[in-house]
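Computed from heavy atoms alone, side chains included, the values below leave out hydrogens, waters and symmetry copies.
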Amino acid sequence: MRVFFARLVPYMKEHKLHFFYAIFGTILVSLCTALSAYLVKPVLDDIFLAKNAQMLGILPFLIILAYFGKGAGIYIQAYYMNLVGQDVIRRLKDVLLQKILRFEMDFFNRFRNGELISRLVNDVYVIQGAVSIHFIEGIREGLTMVGLVVVVIYQSPELAFYGLVVMPIALYPVLLIAKRMRKESKRMQEKSADLASKLVEIFNNIEFIKASAGENMEYQQFSNHNKEFFRISMRTVKISELTSPLMEVLGAIALSVVIFVGGYKVINNEITAGAFFSFVTALFMLYTPLKRISGLFSKIQVAFAAGDRIFEMLDRNVKIEDGKKNLIEPVREIRFEGVDLYYETKQALKGIDLEIKSGESIALVGSSGGGKSSLVNLLLRLYEPTHGKISINGEDIRDFTQSSLRSKIAIVTQRIFIFNDSIAHNIAYGNAIDEERIKFALQQAQILEYVESLPNGIYTVLDEFGTNLSGGQRQRIAIARALYKNPEILILDEATSALDNKTEEEFRDALSGLLHDRIVIIIAHRFSTISLAQRIYFFQNGAILAKGTQAELFEQCTPFREYYKNI
């Protein structure tokens with residue numbers, strides 16, 4: 001518990017005044033609760049037994065005041081603790097997403113999208129309960145218990161012994177229940193992540209699922225996950241709800257003993273009836289916060305389990321550390337020297353030696369899985385080389401900040417990324433909007449005429465994944481985005497695969513005028529696209545098998561000729 005709240009202190013320290021208000025409200029609740037229990041004695045002794053008319057005019061107002069103070073305290077405490085809790089969770093979400101976005105691509109390959117969403121949304125939401133509800137409720141019930149214990153002991157120390165003996169007896173089973181709850185809660189959150197992951201997978205692949213008549217299969221798989229989540233949830237309910245009957249039984253035993261001993265004392269005039277009923281009222285009221293604290297102790301274990309999953313992310317080291325220098329000067333040269341890359345135990349690149357100068361365009365060709373995209377990913381620092389070095393202008397790219405490095409590069413891949421935003425924002429993604437530049441980029445990508453025919457032109461909002469565009473239109477938007485950036489390094493990874501021959505030819509003609517003073521890396525299968533390159537690198541099993549012009553490779557490299565016969 002101490003570690004959990006210590007980790008949240010940096011997010012809470014700006015709320016000292018709000019905590020003060022909440023604690024004030026909590027103390028007010030505790031004092032007024034104790035006062036209402038104490039007032040039972042004068043009500044019975046002074047009004048009903050002594051028939052004191054003066055106290056009859058005072059005590060009802062004191063009771064109203066006690067309950068008014070209790071209600072005001074509950075409101076103050078609830079408002080300010082919710083304010084603290086909501087803000088802590090807001091900031092925790094921001095910090096967690098910021099940290100996750102810094103992780104390398106290998107991290108995203110290992111974790112499912114649904115699991116990451118579950119940690120950012122579900123787990124963080126669970127922590128909110130611990131911060132804004134459970135934490136202050138624990139303080140409130142604890143202070144209330146202290147106030148009521150004072151009343152109980154004041155009325156009769158001997159009866160207090162019999163009535164309070166249940167507290168240490170109940171502690172041990174409550175601790176056992178809490179320990180089991182934390183373990184089951186972690187399992188429940190992991191299964192919740194499985195459910196979220198399955199839903200993300202279904203909705204991301206819904207077109208293929210429907211085309212393959214896979215709805216029933218997907219439903220069955222989700223239903224199996226859902227049933228397992230239900231079973232784990234019921235196990236947590238079975239364990240957590242043990243505290244209430246446990247406290248009821250122990251409380252009943254203690255109360256029976258108190259009634260027996262206290263009744264004997266009233267009969268023998270050792271204490272007054274008012275004192276006894278005030279004692280019993282305080283004892284009854286004391287068991288309520290005791291039961292709540294016992295229940296809170298189990299519930300807060302759910303938050304601790306969620307905290308473990310969140311802090312696991314926050315404590316994870318970023319494997320690709322940012323450099324210190326900004327890449328400001330123009331890119332004159334890129335060099336790969338003896339570069340190897342392993343994905344865990346699988347080698348993706350072997351001893352890559354490659355040099356590209358400004359104004360040059362190269363093509364990377366070869367079978368799928370040959371290492372072409374891996375080379376591009378290394379240049380973008382989405383992964384780190386296992387061995388070897390990549391340099392720009394003679395300096396290791398690891399010395400540069402990732403943002404300054406990537407500001408020099410634009411990439412268009414076969415997989416198109418379209419955001420649920422306007423065309424203008426999609427084109428200018430990460431940069432300021434310049435309408436004229438956007439239209440020029442759209443014109444170069446051969447899609448300006450279509451965009452201007454839309455009701456809102458470049459401010460037309462695209463659906464998620466660009467579903468209100470055709471495949472070719474989506475690819476042209478992606479091409480326009482790259483051209484808008486006006487990069488010094490342009491990477492085209494199967495960028496024209498969704499274009500028809502005529503559009504590709506028009507785009508190729510437009511692109512040929514943009515090759516000057518920049519580096520262009522083309523990954524493609526079509527001869528028409530590769531023809532833009534001055535030099536071709538032929539990849540096979542992660543290694544460069546041959547390099548040269550298209551004519552040279554056809555003449556000198558048999559595997560290259562065989563490769564083009566089979567595509």
Side-chain angles (χ1 to χ4, degrees), residues 1-15 18-19 22 77-101 103 107-108 111-140 178 180-203 222 225-226 228-237 239-241 292 295-316:
M1 183 183 292
R2 183 178 60 82
V3 174
F4 174 82
F5 284 107
R7 293 296 301 266
L8 295 177
V9 164
Y11 306 98
M12 297 180 178
K13 60 185 180 182
E14 295 180 6
H15 294 283
H18 298 142
F19 266 116
Q77 168 234 300
Y79 176 81
Y80 284 105
M81 281 313 298
N82 271 284
L83 186 153
V84 172
Q86 294 281 2
D87 189 63
V88 166
I89 295 315
R90 175 190 65 80
R91 295 176 62 197
L92 190 58
K93 285 179 181 177
D94 288 347
V95 170
L96 184 57
L97 180 60
Q98 186 180 45
K99 183 68 180 282
I100 288 174
L101 288 173
F103 291 149
F107 166 85
F108 294 97
F111 281 87
R112 296 163 298 172
N113 291 342
E115 184 171 357
L116 296 178
I117 292 170
S118 180
R119 296 203 188 201
L120 266 166
V121 179
N122 298 342
D123 292 351
V124 172
Y125 177 76
V126 170
I127 287 180
Q128 180 183 338
V131 175
S132 60
I133 301 173
H134 305 331
F135 174 69
I136 199 65
E137 276 190 2
I139 294 176
R140 184 187 69 204
R180 183 73 187 275
M181 269 296 295
R182 187 164 185 169
K183 186 185 296 183
E184 292 298 332
S185 296
K186 190 169 185 180
R187 289 176 183 165
M188 187 169 70
Q189 283 149 7
E190 288 170 352
K191 185 50 65 176
S192 176
D194 289 340
L195 281 173
S197 297
K198 190 60 190 174
L199 287 172
V200 170
E201 185 179 60
I202 289 171
F203 297 140
F222 177 81
H225 284 302
N226 211 13
E228 183 61 22
F229 178 75
F230 169 76
R231 282 194 289 269
I232 296 172
S233 298
M234 291 313 299
R235 278 207 302 269
T236 62
V237 170
I239 295 165
S240 66
E241 294 304 318
R292 285 177 181 166
L296 285 174
F297 208 69
S298 296
K299 289 176 182 176
I300 206 166
Q301 301 305 312
V302 181
F304 291 165
D308 290 341
R309 285 162 53 84
I310 289 171
F311 299 141
E312 177 191 348
M313 290 291 175
L314 293 177
D315 293 339
R316 186 183 185 274

For H18, ring pair (Phe, Tyr, Trp, His ring centres under 6.0 Å) partners two or more places apart: H15, Y80

Non-neighbouring partners of F229 that pass ring pair (Phe, Tyr, Trp, His ring centres under 6.0 Å), sequence neighbours left out: none

Flag, side chain of S197 to backbone of A193, donor-acceptor distance under 3.5 Å: yes

To the nearest 0.5 angstrom, please state how far the [atom1] atom of [X] sits from the [atom2] atom of [Y].
| X | Y | atom1 | atom2 | result |
| --- | --- | --- | --- | --- |
| I117 | S192 | CD1 | OG | 11.5 Å |
| I100 | F107 | CD1 | CZ | 5.0 Å |
| L97 | M313 | CG | CE | 12.0 Å |
| F111 | R119 | CZ | CZ | 5.0 Å |

Run the side-chain contact (heavy atoms from CB on, under 4.5 Å) test against [X] and tell me which residues pass, sequence neighbours left out.
| X | answer |
| --- | --- |
| E184 | R180, R187, I232, R235, T236, I239 |
| L314 | R7, Y11, L92, V95, L96, K99, I310, F311 |
| E190 | K186, R309 |
| K93 | I89, V124 |

Presence of salt bridge, K191 and D194, under 4.0 angstrom: yes

Non-hydrogen side-chain atoms of V88 and I127 separated by less than 4.5 Å: no

F230 side chain reached by N226 side chain, heavy atoms, under 4.5 Å: no

Under the side-chain hydrogen bond (donor to acceptor under 3.5 Å, both in side chains) test, which residues partner [X], sequence neighbours left out?
| X | value |
| --- | --- |
| D308 | R182 |
| E228 | R231 |
| R316 | E104 |
| E201 | K198 |

R112 vs V200, side-chain contact (heavy atoms from CB on, under 4.5 Å): CA-CA, chis, key distance, verdict: CA-CA 9 Å; R112 296 163 298 172; V200 170; over 6 Å; no

D87: partners by salt bridge (charged side-chain N to carboxylate O under 4.0 Å, His left out), with sequence neighbours left out: R90

Smallest separation among heavy atoms of L101 and F108, with atom names: CA-CZ, 4.5 Å

